[in-house]
There are 2 protein chains.
Amino acid sequence: MAELSRVTGVSVPMIKYYLREGLLPAGERTGPNQARYGPEHVRRLKLVRAMAEYGGLSLASIATLLEQLERPELSLHDRLGVAQRTVTPRHEPGEGERWDLAARQARELIARHGWHHHSDSEAMRAVAGVLFTLGALGYDGVLTRLDEYAEAAARTARADVAALMDEPDLERMVELVVVGTLLGDTLIAALRRIAQGNISAGALGQKLQECRAEPGGERPGGAGGRPLTDTGGEGPER
Amino acid sequence: MAELSRVTGVSVPMIKYYLREGLLPAGERTGPNQARYGPEHVRRLKLVRAMAEYGGLSLASIATLLEQLERPELSLHDRLGVAQRTVTPRHEPGEGERWDLAARQARELIARHGWHHHSDSEAMRAVAGVLFTLGALGYDGVLTRLDEYAEAAARTARADVAALMDEPDLERMVELVVVGTLLGDTLIAALRRIAQGNISAGALGQKLQECRAEPGGERPGGAGGRPLTDTGGEGPER
């Protein structure tokens, strides 16, 4: 176990915890207090860490997920489906006229891009929920640019599927659907913030000057034109 | 308070909880057990719900965030910076040769797109962490397509900044940096899953047939060619 810890960088107490929680299969017993761990244990540990650290999944969710993915009665194709559903957060559907409007906007958006999807799926509910909330807060500037977001999503999805097709076998494909989708979310979100900072630099400087020129605008002293760079830890933990 | 609950759809016990936790300013006292709530309370409630429900922030994080955004000593430009940092999850930097390699890949990636960013920022650490993890798991198919993800991120960031410039004043801009960035993550992630399902349909069918034709491939019975549609609640909660 000390060796397994050294190779993976996961501490021995953490490995014991994963064993107890069923996230890691037991090693092959070689003595009363000894067990042998193989490459499959190393890989499993790396997977669990990837899902917890960059995928934002709880250990309980990871345990359930691993269990689902190993159900022998499922065809591998169905496991791919389970894998994708698992990495899609749940949202409650709303109700009322404004919710129906948002749900229709969501359906129209994906239809414009030639996509089909169950309109009561988790992903469609998430889209409708975001549109509903943006509408309630009056962010029309985002709502008029939905096709830009859909195009960007299509671009990442094409890369996702191309990467999936590179995998040598279906077990690894299932793994990549889970890990790639979760880590991809984190990657895209981080790159989006970096790009925002760079793109906003010029536009923001001008806007700040305009706002300062108006009554009720910003006080003097704000440095316009600087990008929104991420320089420190002033924000709260998520 | 009953009226505030009716307009916003937030239950009275929840409103009381938000008041206690400082997420909602107290209403104007009009009697021993009565208070008047205005449009700013309605908007604040909608904001808190948006950040909690579709932004994945804890109520404690939202309280800290709201406090930060109202610090009078900060210029509005600095508040925009705080807003962006707040919606960027924290990741611990790694160490060792492989981490250094991932960090260099991250720097090279953003340099190729003409972007600048502090190399020890949260966003850059997140990018490096994802590249490190993908490398450790051997997902080279994703690592060779990083520019696709960066292009997609740039596209969303351009839409983000354009929407930001549509806002009439800086207070709303700060709000949109927070809400738009968080809700945008959810929107892009959901659209990405919908697009994955649609794009994978054809490619996956062929791949499944190839794999079935090989020894150790999938058992007969898996329905190749179906997209990875999201049809039910088999996956665990996130």
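Sequence lines set the chain letters: A, B, ... in the order given, protein chains first and strands last, and positions in each chain run from 1.
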Given a strict heavy-atom distance threshold of 4.5 Å, which part of [X] is in contact with chain B: side chain, backbone, both, or neither?
X         : result
Arg49(A)  : neither
Ile110(A) : side chain
Val42(A)  : neither
Leu143(A) : neither
Glu67(A)  : neither
Ala162(A) : both

Quick check for you: among [options], which has the greatest number of heavy-atom pairs under 4.5 Å with chain A?
options                                    : answer
Gly138(B), Ala189(B), Ala159(B)            : Ala159(B)
Ala136(B), Ala50(B), Gly114(B), Gly96(B)   : Ala136(B)
Arg43(B), Lys46(B), Arg125(B)              : Arg43(B)
Asp160(B), Ile188(B), Leu187(B), Val142(B) : Asp160(B)
Tyr139(B), Trp115(B), Phe132(B)            : Tyr139(B)
Leu134(B), Thr156(B), Thr133(B), Thr186(B) : Thr156(B)

Which atom names give the shortest non-hydrogen contact between [X] and [Y], and what distance separates them?
X         : Y         : value
Arg145(A) : Gly141(A) : NH1-O, 2.6 Å
Arg172(A) : Glu167(A) : NE-OE1, 2.5 Å
His113(A) : Ala150(A) : NE2-CB, 3.4 Å
Ala154(A) : Ala195(B) : CA-CB, 4.1 Å
Ala123(B) : Ala190(A) : O-CB, 3.6 Å
Leu23(B)  : Leu59(B)  : CD2-O, 3.8 Å

Under a 4.5 Å cutoff for heavy-atom pairs, which residue among Arg158(A), Glu151(A), Arg192(A), Glu53(A) has the most contacts with chain B?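 Most heavy-atom pairs within the cutoff with chain B belong to Arg192(A).
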I'd like to verify something: which residue of Ala126(A), Gly129(A), Gly94(A) has the highest number of heavy-atom pairs under 4.5 Å with chain B?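 Looking at each of Ala126(A), Gly129(A), Gly94(A) in turn, Gly129(A) comes out on top.
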Treating Asn198(B) as the side-chain partner and His116(A) as the backbone partner, does any N or O pair qualify as donor plus acceptor under 3.5 Å?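 Judged by distance alone, yes, a pair lies under 3.5 Å.
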Answer yes or no: does atom CZ of Arg112(B) have more than 12 heavy-atom neighbours from other residues, nucleotides or ligands under 6.0 Å?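 Yes, the 6.0 Å shell around CZ holds more than 12 heavy atoms from other groups.
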Tell me if the CD atom of Glu40(B) is crowded by more than 12 foreign heavy atoms within 6.0 Å.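 Correct, the count exceeds 12.
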